[in-house]
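See below for the structure under consideration.
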Amino acid sequence: MNEQQRRYFKTKLMSWKDEIIRQTRETIVGLNSESSQHADLADRATSETDRALELRARDRQRKLVSKINAALARIEDGSYGYCEETGEPISLRRLDARPIATLSIEAQERHERRERVYRDD
């Protein structure tokens, strides 16, 4: 991977991270402003369900931010773009579609097949 490609992925990852952080801040502001009491139990239940779903989505995104940070660290140490399992380069198309990928397509498929076998037991 050349320097221009590393810069491209670093910019892409940083933009993605910034967008997640912006959305998280908006969620926090929204949740704080929505702390109104509902007279109707059904409205309150709906509101609580919506809040729970929003918080679950933000938790997933929090985990995603840590994966983005790990990918940025790999860019800095020079290991970005190489499969953690085989050491082979990960295709640029895969990295463009999933910039936090740590496995090549072949290694990911093997990993998923093993998961399926153990899950079926």
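Note: hydrogens, waters and symmetry copies are ignored here, and every other heavy atom, side chains too, is used.
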Student check: side-chain heavy atoms of [X] and [Y] closer than 4.5 Å:
| X | Y | result |
| --- | --- | --- |
| T24 | V65 | no |
| L95 | M1 | yes |
| L92 | F9 | yes |

Salt bridge or not between [X] and [Y]? Use side-chain N to carboxylate O under 4.0 Å.
| X | Y | value |
| --- | --- | --- |
| R110 | E106 | no |
| R114 | E85 | yes |
| R6 | E3 | yes |

* Any donor and acceptor pair, going by atom type alone, linking the side chain of E48 with main-chain N or O of A45 inside 3.5 Å? ->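 Not a single qualifying donor-acceptor pair exists.
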Within a reach of under 6.0 Å around [atom1] of [X], are more than 12 heavy atoms found that belong to other residues, nucleotides or ligands?
| X | atom1 | result |
| --- | --- | --- |
| R25 | CZ | no |
| Q4 | CD | no |
| K12 | NZ | yes |

Between atom [atom1] of [X] and atom [atom2] of [Y], what is the distance when rounded to the nearest 0.5 Å?
| X | Y | atom1 | atom2 | answer |
| --- | --- | --- | --- | --- |
| Q5 | N2 | CD | CG | 4.0 Å |
| T27 | E54 | OG1 | CD | 4.0 Å |
| Q108 | C83 | CD | SG | 9.0 Å |
| Q23 | E26 | CD | CD | 7.0 Å |
| R74 | L13 | CZ | CG | 8.5 Å |

Taking all heavy atoms of [X] and all of [Y], pick out the closest pair and write down the distance.
| X | Y | value |
| --- | --- | --- |
| S104 | R94 | C-NE, 3.9 Å |
| Y80 | A71 | CD1-O, 3.7 Å |
| I90 | T102 | CD1-C, 3.7 Å |
| N69 | K17 | OD1-NZ, 2.7 Å |

Indicate, with yes or no, if [Y] and [X] share a hydrophobic cluster defined by side-chain heavy-atom contacts under 4.5 Å among Ile, Leu, Val, Met, Phe, Trp and Tyr.
| X | Y | result |
| --- | --- | --- |
| L72 | L64 | yes |
| I21 | I68 | no |
| Y8 | I75 | yes |

* Walk me through it: do R62 and D59 pass the test salt bridge (charged side-chain N to carboxylate O under 4.0 Å, His left out)? => CA-CA 5 Å; R62 178 187 56 80; D59 186 52; 2.6 Å; yes
